[in-house]
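So the structure is just underneath, and the comments pick up after that.
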Amino acid sequence: MAHINRTPLLHYRLSASVNESELRSPPAGPVPERQPGGPRQRRTPAQRQRQKLSTFFGVVIPTLLSMFSVVVFLRIGFVVGQSGLYQAIAMFLVAYLIISMTVLSVCAISTNGALDAGGAYYMISRALGPEFGGSIGLMFFLANVCGSALYVLGLVEAIVGSFGMPEGQFGVIVLPSGYWWSLLYGTAITLLCLLVCLVGAHIYAKATFIIFLVVMFVLGTIFVSFFAVRPQTITLPTSATRNPTMNATGPVAPTTANFTGFKLDTLLGNLQADYTVDYTTGTMMSFATVFAVMFNGCTGIMAGSNMSGDLKSPSSSIPRGTITAVIFTFIIYNLLSVLIACSCDRVLLQKDYSFLTDINIWHPFVTIGVYSSTLSAAMSNLIGASRILYALARDDLFGKALSPAKRTSQSGNPWVSVLISWFLVQLVLFSGKLNTIASIVTIFFLLVYAAVDLACLALEWASAPNFRPTFRYFTWHTCVLGIVGCAIMMFLINAIYASASIAFMLLLLLLIHYLSPTSSWGYISQALIFHQVRKYLLMLDVRKDHVKFWRPQILLMVSNPRSSVGLITFINDIKKSGLYVLGHVQLGDLNTLPSDPLQSQYDSWLSLVDHLNIKAFVNLTLADSVRHGVQHLLFISGLGGMRPNTLILGFYDDCLPKDRLVDPSLPQDSGELGDGKVLGAQEYVAIIADAMKMLKNVVLARYFNNFDRTQVLSPPSSSPWKGAVYVDVWPVNLLRPDSCSYVDTCSLFLLQLACILNMVRGWKKATLRLFLCVEEGRSVRGSEEKLGQLLKELRIKARIYPVPWDQQQSQPYDTIKEETNFPSNTMHLSDDYLSAVNKLILDQARPPPAVRFLYLPRPPADTRRYTSYLHQLELLTRDLGPTLLIHGVTPVITTDL
């Protein structure tokens with residue numbers, strides 16, 4: 001029998017003095033201890049705290065370098081030249097507003113508990129579940145791989161442009177150019193990145209620190225150059241002065257532009273937008289296209305989060321480091337924009353994107369800055385991709401396909417993941433030019449950012465007590481704003497690629513949902529469902545119930561689930577989107593037991609529900625008798641306005657149970673219907689009486705042991721009735737021959753259940769046959785028309801079959817009667833009468849129906865008559881096949897609109 005995994009009632013927050021690395025999952029096996037005087041034992045990765053990275057080296061530097069990349073050196077002038085200073089600052093404000101919303105979400109999630117390797121993937125998967133996390137994680141991995149290849153190719157183009165053939169930028173011809181040469185240079189750069197990443201995160205941190213110093217020095221020279229360099233005229237690149245659309249009489253494109261120094265006229269000329277054709281692509285620029293180019297440089301905010309597994313304290317390092325990097329880059333971008341607008345004329349900004357090289361105090365400085373920042377971005381994406389791949393492999397979301405990527409070195413470096421990532425980067429390099437993939441990479445990054453915002457939003461909306469991040473500068477409004485901003489940017493960059501990326505994510509989500517094993521991370525969907533269900537249950541007011549909106553809410557008592565499969569699946573068809581509860585009573589006394597025996601059974605019952613593909617809840621109870629157990633369930637099952645209004649019991653007879661299941665993990669026979677019954681006839685009828693006293697409708701089900709829904713609904717077409725399916729309805733009390741009324745509450749309830757069954761998809765082809773018992777002296781035609789009119793008003797489609805009633809009424813009673821105030825419930829109906837009625841029902845069944853609906857009379861008020869009452873029901877339904885005896889106590893049907 002399966003057991004429930006119990007979780008502790010309290011999740012303790014980690015104190016600031018405890019290092020988070022100590023609280024992550026320990027390595028498999030015992031940790032070796034150093035013996036006195038013995039050799040020094042190998043330390044596990046979790047013990048090597050001195051090798052973990054600090055906030056500055058692990059988060060600030062990678063994030064700064066990723067956000068600067070080449071935009072600060074090659075695209076800042078393009079943005080100001082095309083859009084003007086006003087719109088450029090507006091673009092930076094909007095872009096940083098979007099990424100800041102995501103940064104707030106990252107900070108909130110990262111301070112809600114110990115983080116492990118995987119960065120954004122780890123946050124998303126643990127918050128939104130394996131499906132969402134796995135699909136986004138794989139896309140984030142691919143984005144980092146392609147991003148690394150993009151930066152490598154960008155660096156190759158910059159090197160070839162400076163030192164390639166024909167004459168390079170510095171007048172030096174060193175390197176031959178061409179596709180294969182470029183591929184060779186790219187491979188060499190990628191191998192350099194591979195070597196750094198293979199050694200480990202510490203060497204990567206040192207390498208990026210050196211690059212950071214170089215980039216900061218170059219930035220310093222750029223700021224100094226605006227003040228130190230004198231005004232000068234700069235010759236524009238030949239590609240910018242060539243204008244194939246101009247004829248001999250048209251305007252001549254300028255060949256020079258001016259660096260004016262700080263002048264008011266220059267500033268005034270650069271304030272407004274002046275969108276022109278981009279000389280590198282030949283396309284007309286607009287606010288959207290310039291914004292998309294500029295935004296590509298702001299998508300490095302996850303570089304520090306990707307290193308979460310290598311940080312000393314990720315929960316504090318990621319928020320501090322990321323926010324520091326975002327604020328610093330925002331200030332630098334805006335300062336550069338103002339300085340450029342004040343000192344460079346519009347032609348220079350529009351026609352020479354590398355003008356910062358020309359105005360620098362030493363021209364090679366900017367080129368060195370471009371090389372350094374691009375190399376750092378390539379390494380950052382490569383090591384980030386390897387960490388994401390390692391986290392994906394460790395979570396087993398893709399089975400054995402990624403199992404080799406779990407391997408790590410003695411220092412904890414996932415070297416196999418690094419090699420796989422490097423190999424994929426090398427494959428992407430073969431494509432050469434990646435202008436189209438650049439847009440896809442940016443869209444993938446934006447999709448990840450939107451997913452992080454969605455994860456934080458879901459956690460906030462779920463209102464789970466254990467979501468209490470120490471970073472509190474966020475609300476659900478910031479999460480929504482981040483999601484909307486990322487979505488707008490995705491479609492602004494490229495609507496087709498954005499749509500394709502979302503479709504790809506959904507496809508991955510479905511594949512992981514159906515193929516991956518169940519995780520133990522917890523599903524945010526369950527928390528959100530609980531939150532919404534609770535809210536709507538409180539709004540479901542029982543005082544506002546109306547008969548127009550009545551639906552069956554069923555409690556089906558199951559003693560032996562393995563022999564009740566037919567009944568369980570059939571009742572699932574008549575619930576009509578109502579509450580459906582499988583109830584079970586186990587006999588016992590908690591005072592004499594060491595623990596609750598029911599806790600270990602819930603998983604098996606839920607597995608039964610999943611196996612039968614039904615929509616039902618499970619309620620188990622422990623009681624000293626079955627009658628008391630059923631009373632417990634009728635009193636406590638459900639919540640608010642969702643409580644059972646109908647009790648369904650199996651019929652009390654001598655049919656032996658048959659196991660209809662082959663899965664041993666599903667619930668076993670609890671003994672009530674095994675070798676001997678623990679429920680007597682007297683107690684059984686008492687349960688029926690109890691339910692009616694509690695104003696519950698009662699249904700008794702007989703002969704459903706061998707019921708097979710598929711076989712019943714798909715009879716062979718070769719049968720004499722050509723595959724027709726019938727449901728027989730007898731809406732009169734056959735145990736009261738003095739009455740043939742079919743318009744009382746019980747009869748209408750019976751009609752309602754039959755109609756509900758006929759509305760279910762599989763049963764729509766079934767034909768309802770309604771049998772009208774007609775007494776002598778009454779007009780058959782008149783009675784039939786009257787019943788037909790009632791069915792028309794009730795919108796029930798059925799065929800009416802008149803049945804003569806007088807022959808069955810002859811000598812219905814035994815000669816002995818008891819004098820009592822309840823004659824209708826204590827009449828001694830003769831066995832001959834009951835057998836005759838049973839034969840009448842059987843004779844009308846041509847062809848035989850799939851199921852019969854019969855009227856269930858109330859039990860007698862005299863409890864001494866319970867056994868006789870049950871005997872009458874047994875004779876009435878003998879050999880009828882699947883039959884429901886139904887008694888309704890509340891109005892459930894109306895002719896009102």
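Only heavy atoms go into these numbers, but all of them, side chains included; no hydrogens, no water, no symmetry mates. Residue numbers count from 1 along this sequence. Computed from a predicted structure; not experimentally measured.
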Discussion item. What I'd like to find out is whether the side chain of W180 reaches to under 4.5 Å of the side chain of S182, using heavy atoms alone.
Written reply: no

Practice prompt. State, to 0.1 Å, how close L446 and C486 come at their nearest heavy-atom pair, and which atoms those are.
Written response: O-CB, 3.7 Å

Fill in: Side-chain touch N334/V338, heavy atoms, less than 4.5 angstrom
no

Worksheet item: Does the side chain of S373 come under 3.5 Å of the side chain of S376 through a donor N or O and an acceptor N or O?
Response: no

Worksheet item: Checking side-chain contact (heavy atoms from CB on, under 4.5 Å) for the pair I359/F226: CA distance, chi angles, key distance, verdict?
Response: CA-CA 8 Å; I359 68 172; F226 283 110; 3.9 Å; yes

Fill in: Heavy-atom side-chain proximity of T235 to T255 below 4.5 angstrom
no

Discussion item. Tell me if a side-chain donor or acceptor on T187 pairs with a main-chain N or O of L183 at a distance below 3.5 Å.
Written reply: yes

Worksheet item: CZ of F262: more than 12 outside heavy atoms within 6.0 angstrom?
Response: yes

Worksheet, complete the sentence: Looking only at heavy atoms, the pair that brings A88 and V79 closest together is CB-CG1, 4.0 Å

Worksheet item: Relative to the ring of F444, is the ring of F504 parallel (under 30°), tilted (30 to 60°) or perpendicular (over 60°)?
Response: parallel

Discussion item. Under a plain distance cut-off of 3.5 Å, with no hydrogens placed, do T276 and D274 share a side-chain donor-acceptor pair?
Written reply: no

Item to complete: Could you tell me whether the side chain of I189 reaches within less than 4.5 Å of the side chain of V152, counting heavy atoms only?
Response: yes

Worksheet item: Do Y151 and S380 come close enough that some side-chain heavy atom pair is under 4.5 Å?
Response: no

Discussion item. Between N144 (side chain only) and F140 (backbone N and O only), is there a donor and an acceptor less than 3.5 Å apart?
Written reply: yes

Practice prompt. Tell me, with the steps shown, if V448 and M139 meet side-chain contact (heavy atoms from CB on, under 4.5 Å).
Written response: CA-CA 8 Å; V448 173; M139 295 178 72; 5.5 Å; no

Fill in: Test log, rule side-chain contact (heavy atoms from CB on, under 4.5 Å), inputs L375 and L192
CA-CA 10 Å; L375 179 63; L192 175 62; 4.3 Å; yes

Fill in: Contacts of T260 that satisfy side-chain hydrogen bond (donor to acceptor under 3.5 Å, both in side chains) - sequence neighbours left out
T266

Discussion item. Using only atom types and a distance under 3.5 Å, with no angle test, would you say the side chain of S148 pairs donor to acceptor with the backbone of A378?
Written reply: yes

Worksheet entry | Nearest heavy atoms of N381 and A143, plus distance in Å | OD1-O, 4.4 Å

Discussion item. side-chain hydrogen bond (donor to acceptor under 3.5 Å, both in side chains) for Y275 and Q350? Distances and angles first, verdict last.
Written reply: CA-CA 9 Å; Y275 295 105; Q350 292 179 341; over 6 Å; no

Worksheet item: Which distance, rounded to the nearest 0.5 Å, do you find between the CD1 of I340 and the CD1 of I76?
Response: 5.5 Å

Item to complete: Answer whether the closest heavy-atom distance between the side chains of I211 and V214 falls below 4.5 Å.
Response: no

Worksheet item: Tell me, which pairs form a side chain to side chain donor-acceptor pair (under 3.5 Å) where one or both residues lie in residues 98-109, sequence neighbours left out?
Response: T102-D453, S105-D453

Response to the item:
C456 and I109 have their tightest heavy-atom pair at N-CD1, 3.9 Å

Worksheet item: Would the number of heavy atoms belonging to other residues, nucleotides or ligands and lying under 6.0 Å from CZ of F223 be above 12?
Response: yes

Fill in: Test item: R75 side-chain N/O and M294 main-chain N/O as donor-acceptor pair under 3.5 Å
no

Worksheet item: Say you draw a straight line from CG of L419 to CG of L389; how long is it, rounded to the nearest 0.5 Å?
Response: 11.0 Å

Worksheet item: Roughly how far, to the nearest 0.5 Å, is CG of L356 from CG of L336?
Response: 7.0 Å

Worksheet item: Are the side chain of S386 and the backbone N or O of I383 linked by a donor-acceptor pair below 3.5 Å?
Response: yes

Fill in: Heavy-atom pair with the smallest gap, counting every atom of L382 and W422
CD1-N, 3.7 Å

Worksheet item: Under the side-chain contact (heavy atoms from CB on, under 4.5 Å) criterion, do F259 and S343 qualify, and how do the steps go?
Response: CA-CA 6 Å; F259 172 70; S343 59; 3.6 Å; yes

Worksheet item: Is it true that F92 and F330 have ring centroids separated by less than 6.0 Å?
Response: no

Discussion item. Using modelled atom types and a 3.5 Å cut-off, is there a donor and acceptor pairing between side-chain atoms of T478 and backbone atoms of T475?
Written reply: yes

Item to complete: Starting at OG of S83, measure out to CD of Q272 and round the result to the nearest 0.5 Å.
Response: 11.0 Å

Item to complete: Decide whether T233 and N258 meet the rule of one side-chain donor and one side-chain acceptor closer than 3.5 Å.
Response: yes

Worksheet entry | Value rounded to 0.5 Å, distance of CZ in R346 from NZ in K351 | 12.0 Å

Fill in: Nearest atoms (heavy-atom pairs only) where L267 meets C342
CD1-SG, 3.8 Å

Item to complete: Calculate, to the nearest 0.5 Å, the distance between atoms OG1 and CD1 belonging to T55 and I318 respectively.
Response: 9.5 Å

Discussion item. Atom CZ of residue position R230 - does it have more than 12 heavy atoms of other residues, nucleotides or ligands inside 6.0 Å?
Written reply: no

Discussion item. Could you check whether any side-chain N or O of S317 sits under 3.5 Å from a backbone N or O of P314, counting only pairs where one atom can act as donor and the other as acceptor?
Written reply: no

Worksheet, complete the sentence: Contacts of V277 meeting side-chain contact (heavy atoms from CB on, under 4.5 Å) (sequence neighbours excluded), chain-then-number -> M284

Worksheet item: So do the side chains of V366 and S354 get within less than 4.5 Å of each other, counting heavy atoms only?
Response: no

Worksheet item: Can you check whether F56 and F212 have ring centres sitting under 6.0 Å from each other?
Response: yes

Worksheet item: Does some side-chain heavy atom of V145 sit less than 4.5 Å from a side-chain heavy atom of V428?
Response: yes

Worksheet entry | Polar side-chain atom of T329 near backbone of V326 as donor-acceptor pair, under 3.5 Å | yes

Discussion item. Strictly distance-based, threshold 3.5 Å: is any side-chain N or O of T63 a donor or acceptor partner for the main-chain N or O of V60?
Written reply: no

Worksheet item: Taking the six-membered ring for Trp, are Y353 and Y279 ring centroids under 6.0 Å apart?
Response: yes

Discussion item. Using only atom types and a distance under 3.5 Å, with no angle test, would you say the side chain of D345 pairs donor to acceptor with the backbone of L348?
Written reply: yes

